[in-house]
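Here's the structure we're looking at; comments come further down.
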Amino acid sequence: MFAHVDINNFYASCQRLFRPELEGKIIVVLSNNDGCVIARSDEAKALGIKMGDAEFQVRDLLNKNGAYIFSSNYALYADMSARMMNNLARYTYMLMVYSIDECFMAIDHMPGVDLEEYIANMRDAVVQNTGLPITIGVGKTASLAKFANRAAKRARKKYMVLDTMDKVDAIINDFDIEDLWGVGFSYYKKLTAAGIMTAGDFRRQEPGWVQKQMTIQGLRLWRELWGEQCHVLNDLFERSKAICSSKSFNTYQTELCYLEEAIATYTATVASKLRVQESMALNINVFLRTNKHRKDHDQYYPSITLKLPFSSNSTAELTKVALQALRAIYTPGYYYMKGGVTAIGIVPAGEVQYDVFTEYQGERQTELSGLMDKINARYGKGTLRVAIEGYKKHWIMKQDYLSPNYTTRWQDIIKPI
DNA sequence: TCTGGGGTCCTAGGACCC
DNA sequence: TCTGGGGTCCTAGGACCC
């Protein structure tokens, strides 16, 4: 049996948590660069604000209705997320963090326990300890747990336990196909065109047809809806397979020197994430993008993947290769709006791939990176950095509505009035 | 003027091996 | 007329997730 837990309107709920006077008020949280809406309180949803709406297009509507607008504050969200996960972890022997606001938990092997009661208690504890509103779905497979969670939200319940297939059958024909986990925009179009409107309709299809239309993943979803387990919970501490840092620029960039600053800065982030999870990368991908919304601009989306001479997580080594990649794809004459760096081919830090033709400097680099991490942890991110990351960083993103870091900076802790 | 950032998995096709 | 049969590995692109 699986439980799927998620936090309702997560980013908006985090902002409200430290501003209780915003209870019942319209709240939206904007993406990096304050570009578009990525989280909404129920009141904002009721107003008709959609996920992904551009800020400048809904600005008037928000202001007219007295909405509270926030820039994304990932330091705050990451910390609140960790608090919830830690609370939940006490209720299971295995928990898989699925995203910043969701996880799956194994809740089997508990003979004699009343599941409804167990889930209700677990929810109360998390709400009490973190202040975050959560919803819980329980089912025989991960897909059914997700299904139960969604159904709970639809029914305005705090949790829903679908521990028998009878309970699934009772609601599956009222469940819209687009709400199914694994059905996105193009499958939605394909399925509704074939007359499949509900999860029940989908489950009645021939498995061969499902696989042909939606690959093996669609077939897995189909099986899971029948109660056959296909998704296994991964180990919580598994290394990720790719680590990416990418961001839009504040203004269009045309000069190589500023793109170098940005790419070097993103590379430093990637290298530091690699070190945190004790991994090294074998390949680095660098990409640039122009603004696809500007029909009057020439479009250019270059991307290149380069091999490192040997696996590394050193900021200096990775930066050297990332800049080489950037110079290979950079073409003057375009208005670049975004760039990014991805580490791929990730291996455990111990397994070094030596190269016959290149002198190995791994130990020195590891020592240097460790020292940088220590200094930056003590004096703040970016205190010690590679020179090419730049000093002014005039391309850096806009965050006009940033809230305090209530839980991660001493200066920002709320004081009694 | 202004339109996010971070991931996963699967498939097809090409390069290459014997 | 007629040009093998069996693999592996890698990459790009497309679907999905939050």
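For the numbers below, each heavy atom of this structure counts, side chains included, while hydrogens, waters and symmetry mates do not. By convention in this document, chain letters (A, B, ...) are assigned in the order of the sequence lines, proteins followed by strands, and residues within each chain are numbered from 1.
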Legend entry - A/Leu144 side, atom CG; A/His231 side, atom NE2 - distance, nearest 0.5 Å: 10.5 Å
Legend entry - Ring geometry between A/Tyr336 and A/Tyr300 (parallel below 30°, tilted from 30 to 60°, perpendicular above 60°): tilted
Legend entry - Interface limits on DNA chain C, where chain A has a heavy atom under 4.0 Å of a nucleotide atom: C/dA15 to C/dC18
Inset, instruction - Please check if any side-chain donor atom of A/Gln365 sits under 3.5 Å from a side-chain acceptor atom of A/Ser314, or the reverse. - result: yes
Legend entry - Side-chain H-bond candidate by donor/acceptor type, A/Gln15 with A/Tyr77, under 3.5 Å: yes
Inset, instruction - Give A/Lys292 one of three labels, base, sugar-phosphate or nothing, depending on what nucleic acid heavy atoms sit under 4.0 Å from its own. - result: nothing
Inset, instruction - Output yes when A/Asp174 and A/Arg154 qualify as a salt bridge under the 4.0 Å nitrogen-oxygen rule, no when they do not. - result: no
Legend entry - Between CD1 on residue A/Ile388 and CD1 on residue A/Ile263, distance to nearest 0.5 Å: 11.0 Å
Inset, instruction - Answer with base, sugar-phosphate or nothing: what part of the nucleic acid does A/Glu55 contact at a heavy-atom distance below 4.0 Å? - result: nothing
Inset, instruction - Name every residue in residues 142-161 of chain A that has at least one heavy atom under 4.0 Å from any atom of DNA chain B, in order of residue number, or write none if there are no such residues. - result: none
Legend entry - Span that lies between the P atom of B/dT3 and that of C/dC18, in whole angstrom: 25 Å
Legend entry - Nucleotide pairing, DNA chain C (Watson-Crick or G-U, distances under 3.5 Å), in dot-bracket with [ ] and |: ....||||||||||||||
Legend entry - A/Thr408 versus A/Asp79, side-chain donor and acceptor atoms under 3.5 Å: no
Inset, instruction - Let me know, please, whether A/His297 or A/Lys273 comes out on the 5' side of the other along DNA chain B by nearest nucleotide. - result: A/His297
Inset, instruction - Would you classify A/Asp53 as touching base, sugar-phosphate or nothing, given that sugar-phosphate means primed atoms plus P, OP1 and OP2, and contacts are heavy atoms under 4.0 Å? - result: nothing
Legend entry - Partner set under side-chain hydrogen bond (donor to acceptor under 3.5 Å, both in side chains) for A/Asp101, not counting sequence neighbours: A/Ser99
Legend entry - Residue closer to the 5' end of DNA chain B, A/Met337 versus A/Gln217 (nearest nucleotide): A/Met337
Legend entry - Distance (rounded to the nearest 0.5 Å) between A/Glu102 CD and A/Met96 CE: 9.0 Å
Inset, instruction - Could you tell me whether A/Tyr77 contacts a base, only the sugar-phosphate backbone, or nothing, with contacts defined as non-hydrogen atoms closer than 4.0 Å? - result: nothing
Inset, instruction - Pull out every residue in residues 56-66 of chain A that has a heavy atom closer than 4.0 Å to any atom of DNA chain B, ordered by number, or say none. - result: A/Phe56, A/Arg59
Legend entry - Near-strand residues of residues 242-249 of chain A, defined as heavy-atom separation under 4.0 angstrom from DNA chain B: A/Ala242, A/Ile243, A/Cys244, A/Ser245, A/Ser246, A/Lys247, A/Ser248
Inset, instruction - Using distance alone, with no hydrogens and no angle criterion, decide if A/Ser272 and A/Asp373 have a side-chain donor and acceptor under 3.5 Å apart. - result: no
Legend entry - Donor-acceptor pair between A/Arg220 and A/Ser143 side chains, under 3.5 angstrom: no
Legend entry - Any side-chain donor near an acceptor of the partner, A/Ser41 and A/Asn9, under 3.5 Å: no
Inset, instruction - May I ask you to say what A/Tyr98 touches in the nucleic acid, namely base, sugar-phosphate or nothing, with a heavy-atom cut-off under 4.0 Å? - result: sugar-phosphate
Inset, instruction - I would like to know whether A/Tyr252 and A/Asn291 meet side chain to side chain donor-acceptor pair (under 3.5 Å); could you show each step before the answer? - result: CA-CA 9 Å; A/Tyr252 294 113; A/Asn291 185 349; 3.0 Å; yes
Legend entry - Donor-acceptor side-chain pairing of A/Asp34 and A/Ser71 below 3.5 angstrom: yes
Legend entry - Spacing of A/Ile329 atom CD1 and A/Thr331 atom OG1 [to the nearest 0.5 Å]: 8.0 Å
Inset, instruction - Select base, sugar-phosphate, or nothing to describe what A/Arg289 touches, counting heavy atoms under 4.0 Å on all strands. - result: nothing
Inset, instruction - Examine the side chains of A/Ser279 and A/Gln277 and answer whether a donor and an acceptor come within less than 3.5 Å of each other. - result: yes
